[in-house]
2 protein chains.
Amino acid sequence: MSDRNREPVTLQTVRISVVDQLYAALRMAIIGNELSPGARISEAEVAQQYGISRQPVREAFITLANEGLLDIRPQRGSFVAKISLAAVLDARFVREAVEADIVKLLAATPDAALLANLRQQLTRQQELVGGSARDFMEADEVFHRTLAEGAGKGNAWRVVEEMKAQMDRVRFLSSMHFPVARLIDQHRAIVDAIAEGDATGAETRIRTHLQGILSDLPVIKQERPEYFL
Amino acid sequence: MSDRNREPVTLQTVRISVVDQLYAALRMAIIGNELSPGARISEAEVAQQYGISRQPVREAFITLANEGLLDIRPQRGSFVAKISLAAVLDARFVREAVEADIVKLLAATPDAALLANLRQQLTRQQELVGGSARDFMEADEVFHRTLAEGAGKGNAWRVVEEMKAQMDRVRFLSSMHFPVARLIDQHRAIVDAIAEGDATGAETRIRTHLQGILSDLPVIKQERPEYFL
DNA sequence: TACACCATACTACCATACAAGTAAACACGG
DNA sequence: CCGTGTTTACTTGTATGGTAGTATGGTGTA
C-alpha cells in the first residue's frame, strides 16, 4: 500500500446518543428562553414528547442541572432554573478574568493568520446587523472561541462557554438587549489592540466589552422579576 | 406564640441520594489516585461493590465524565481519564485568571474579619506540616474558597474547584509534589498583601503561587508516562 | 506459521417497572 | 367559614431487563 506510513486519522462514530441530542436541544431552548425560567418540565412529559424513555431524559436533565440551567427537586419536580443575580454576576466575573488573560496572551505574540480570521469574522458579523439575535449569538460564540483557541487555550473554552450561556440567557429574556452594532465595534477594537501588540489595551477593551451586561441586568430584572430568584 | 414574627429557618432534607454519595466517593478516589488514570471501572462492577443498581452508578459516571475525570466509551467501557497535559495547563490558566481577579478585589477593600479568619487558617495549616497530603489539600481548599467567598464570588468557586481538582490530581500522582511549607509561605504573603491593600502585589503573588505546578508537571509526566494521554 | 472467520463474553445504552416522597384536592368536623 | 386529616395523582429515585456494538480468544484453513 502506498500510504502505509501516513498519519492515522481519528475515526468518528456517527451515532450521537439520544442523551446528547436531547441535552443540546434543551440547552438551546432554555438559553433562547423558549423554556422560561421557573417553567415546570417533567421527565415523563419530555420523554413522551420525543418518543423516548424517561432514562435518557433524566440523564440530560442531570447535566443541565450541573450547569445551573435546571433545578431538580427530588419528588417534587424539575424546573427551568430561575435566574440568580449572584450566579450571573459571578459567571460574568469569571468570564472577564479568563478572557482578559487570553487576549493578553494573544497581544503578546500577534499571529497574522489568526488576525485575518478574526477580521473576516468581523465583516461576517456586520452582515448580521438587523438579523436575529440567535444568529448573532452564534457568530459571537465563534468569535470568542476563536480567541481562546488562538491563544492555545481550547480547553479553557469549555468554562467560558458555560459562563457565556448564563449571560446570553439573561439577554434573551428581553430581545432589546443585544446591542449588536456596539458589540461589533468592541470586537473590532479588541482585534485592533491585539494586532498592535497592545496587551493592556486589549485587556481593558475586552473587560469593558464583557461589563456591558452589568447595566442591562438590573433593567431586565425590573422588567421580568418573575424570572428571577 | 411569642415568635410569630421570627425568620423562618430553611430546613434541610437529610437524605443524600445514592448518586451524590457515590459521586463524591469516586471523585475523591480519582483525585487521590486510589483509582489510577487509565484504570478500567465498569458500571456493573461498581454497582455490585456498593450493593446498588447500575443506574445510579451510571448517573454518577456521567457527572464525573462531564468534569473530565472519567472517560466513557460507548459499548467499550469506562476508564479513569488519563491526564491530558493541555487540559491541566488550561485548568491552571483559568484558575490563575480567576483567583488573580479575586485577590485584586479583596485587596481593594481589605476586610478585618476576613483577614482574621485567613490568619487563623495559616496557623492551622502550619500545624499540618509533615502530615498527610490529603489533610493539607483540604485545608488548602478551605483557604482558597475563603478567598472567593470573601470577595463575594461564592458561585465562582464552583469553577475554581473543578480546575483545582485537575491540578491536585496531578500532584497526587507523586506524593513528592506537595511542598507544603512553601505553599504556606505563599499563602501568608498573599494575605499580607491583601491586608496592606496592595492589589498588584496580591495579584503577582497568587499568580506565582498557582504557577508552582508548572515546574512539577513535566517531572511527573516523566515519572509516570503511562498516566498521561 | 499466518490469517481470516466466528463464537462468545462483555460493555454501555435505552426501556420498563417499582418504590418513596410530595402536594393538591376533597371530605369532614368544629 | 375555617382548619384538619385523608385520599389520590404525580414527581423523581432506584432496580432490572433487553439490545446493539465491541473486543477477544479460539478454530479451521491454506
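Convention: sequence-line order gives letters A, B, ...; per-chain numbering from 1.
Side-chain proximity of R58(A) to dT12(D), dA23(C), dA23(D): nearest is dT12(D).
If you measure from atom CG of L22(B) to atom C1' of dG13(D), you get 14 Å, rounded to the nearest angstrom. Rounded to whole Å, atom P of dG13(D) lies 14 Å from atom CD1 of I16(B). R40(B) places its CZ atom 7 Å from the P atom of dA12(C), with the value rounded to the nearest Å. The distance between atom CG of D20(B) and atom P of dT12(D), rounded to the nearest whole Å, is 16 Å. Look at CD on E45(B): it is 19 Å from P on dA9(C), rounded to the nearest Å. Protein atom CZ of F79(B) is 15 Å distant from nucleotide atom P of dC10(C), rounded to whole Å.
When each of E43(A) and P56(B) is assigned the nucleotide of DNA chain D with its nearest heavy atom, E43(A) is the one assigned upstream, toward the 5' end. Comparing P74(A) and V18(A) by the nucleotide of DNA chain C that holds the closest heavy atom to each, the one mapping nearer the 5' end is V18(A). Comparing Q55(A) and I72(A), the nucleotide of DNA chain D nearest to each residue sits closer to the 5' end for I72(A).
Judged by distance alone with a 3.5 Å cut-off, a donor-acceptor contact links the side chain of Q75(A) to the base of dT12(D). Remark: the R54(B) side chain and the dG17(D) base include a donor-acceptor N/O pair separated by less than 3.5 Å.
Neither OP1 nor OP2 of dT11(D) sits under 4.0 Å from any side-chain N or O of S78(A). Close to dT12(D), at under 4.0 Å from its OP1 or OP2, lies no side-chain N or O of S17(B). Considering only side-chain N and O atoms, S53(A) lies under 4.0 angstrom from the phosphate OP1 or OP2 of dA15(C).
Judged by distance alone, the side chains of E67(A) and Y23(A) do bring a donor and an acceptor atom under 3.5 Å apart. Under the 3.5 Å distance criterion, with hydrogens and angles disregarded, a donor-acceptor pair is assigned to the side chains of D135(B) and S132(B). Under 3.5 Å, the side chains of Q48(A) and E43(A) contain no donor-acceptor pair of N or O atoms.
Applying the 6.0 Å contact sphere to CD of Q222(A) captures no more than 12 heavy atoms from other residues, nucleotides or ligands.
Between the side chain of Q121(B) and the main chain of F143(B), a donor-acceptor pair closer than 3.5 Å is present.
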